[in-house]
**Q** 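The structure's right below; bear with me while I get my questions together.
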Amino acid sequence: MYEPKESLNVTAKTVEDAIEQGLAQLGLSRQQVDIEVIKEGRRGVFGILAENAQVRLIPRKITPPPPVEVVKPLAEVVKPVVVPIETPTEADLMDTFDVPRLAVASTDAKFTQEQITDFSVKYLDGLLKQMGIKATVIAHIDKDLAEEGENPPLVLDITGNDLGILIGRRNETLRSLQYIVRLAVNKYTNSWHPILVDVESYRVRRRRSLQQLAKQMAERAIASRRRIVLEAMPPYERRIIHVVLKDNPHVTTKSIGSNDNRKVTIIPK
Amino acid sequence: MKELVEYMAKAVVNDPDSVIVREIEGSSSTIYELSVTPDDMGRIIGKQGRVANAMRTLLRVAAVKEGKRVTLEIV
């Protein structure tokens, strides 16, 4: 059984070193902690003016992750919907068949957020059951993930044991789940709704670490007056980097390379 | 797993009643043949096969859980 430990502050030459030392001390992997960079650290000139980096590692409790936050979108309140998924029985399988049948919606039908949430959770729930996966879907509206000028997305977080299989190589399975759920919801409501399918808050955590990486690398680019090329990432991950650095007056960002090999480059101005 | 294919396909097409899935058991793998009305062909395949590929990915996950090999064909 995993026991939550206290958070730990580590000081070392670089942020990376500090994180590694801290993880070694805690005996945890990077996925099991939240990382907060307290001081970026500086290499200095010939060791003069050098400053150590400091990070705080906060072990996270593994199960169950709390529903992040339930935000009230304008007038409606969306309750987190929790649907436990049992091993599918014959009756269940028949039952879930009714869900896609709802997909005949009239063009001008208006759907409340509650209906959309309800349908999304039921559909994803049924999909996982059909795939033979035991998990729980928790829905919440996440204000923090809202894109500019768009409604905050409905996040469907899948929690359970051993769900690595749902993320897949390069995120492929997770993306497929999200794509099918979005299509089903679009079909049902006849309109587009921002929906994110997540596993154990993987996307939320990944986003957070990308944002942190972007800021760190921008500082490094500015300090060294050299462009920095990040590793290849899928489009939505590159986008996170671009968005974070959009308002930074000292750098510009650009994606280079083609197809699966596109990399964000951070260029000091 | 036949039900999984139907579950996904029916949610994507305009005419769920015409969704037919045939399960063909081979010696080493199982083939799922999915057919829809001609009008829904585009929806089931998607731009550059995105929908079909997403369905294949999820089907593969289910197959791995059962230790099977599967292919999805759209006919």
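The sequence lines fix the lettering, A, B, ..., with proteins before strands; numbering per chain opens at 1.
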**Q** Answer with side chain, backbone, both or neither: which region of A:Ile180 has an atom nearer than 4.5 Å to a non-hydrogen atom of chain B?
**A**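 The side chain, not the backbone.
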**Q** By a 4.5 Å heavy-atom criterion (distance strictly below it), what part of B:Val5 contacts chain A: side chain, backbone, both, or neither?
**A** neither
**Q** Kindly determine whether A:Leu174 and A:Leu166 satisfy side-chain contact (heavy atoms from CB on, under 4.5 Å), including the steps that lead there.
**A** CA-CA 6 Å; A:Leu174 190 50; A:Leu166 284 186; 5.8 Å; no
**Q** Output the option from B:Met55, B:Lys65, B:Arg60, B:Arg50 having the highest count of non-hydrogen pairs under 4.5 Å with chain A.
**A** B:Arg50
**Q** Given the ring of B:Tyr32, does B:Arg22 sit roughly above its face, with NZ or CZ under 6.0 Å from the centre of the six-membered ring and within 45° of the axis?
**A** no
**Q** When B:Ile45 is tested against each of B:Val51, B:Val36, B:Ile74 for side chain to side chain contact (heavy atoms under 4.5 Å, CB included), which residue passes?
**A** B:Ile74
**Q** Checking A:Arg206 against A:Tyr236: charged group under 6.0 Å from the ring centre and within 45 degrees of the axis?
**A**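 No.
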**Q** Quick one: which of B:Val64, B:Val12, B:Asp15 has the most heavy-atom pairs under 4.5 Å with chain A, could you say?
**A** B:Val12
**Q** Taking the six-membered ring for Trp and the full ring for Phe, Tyr or His, determine whether the centres of A:Tyr188 and A:Tyr123 are under 6.0 Å apart.
**A**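 No - the distance between ring centres of A:Tyr188 and A:Tyr123 does not fall below the 6.0 Å cut-off.
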**Q** Please classify the contact of B:Arg56 with chain A as side chain, backbone, both or neither, using a heavy-atom distance under 4.5 Å.
**A**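 Contact with chain A: none, neither part.
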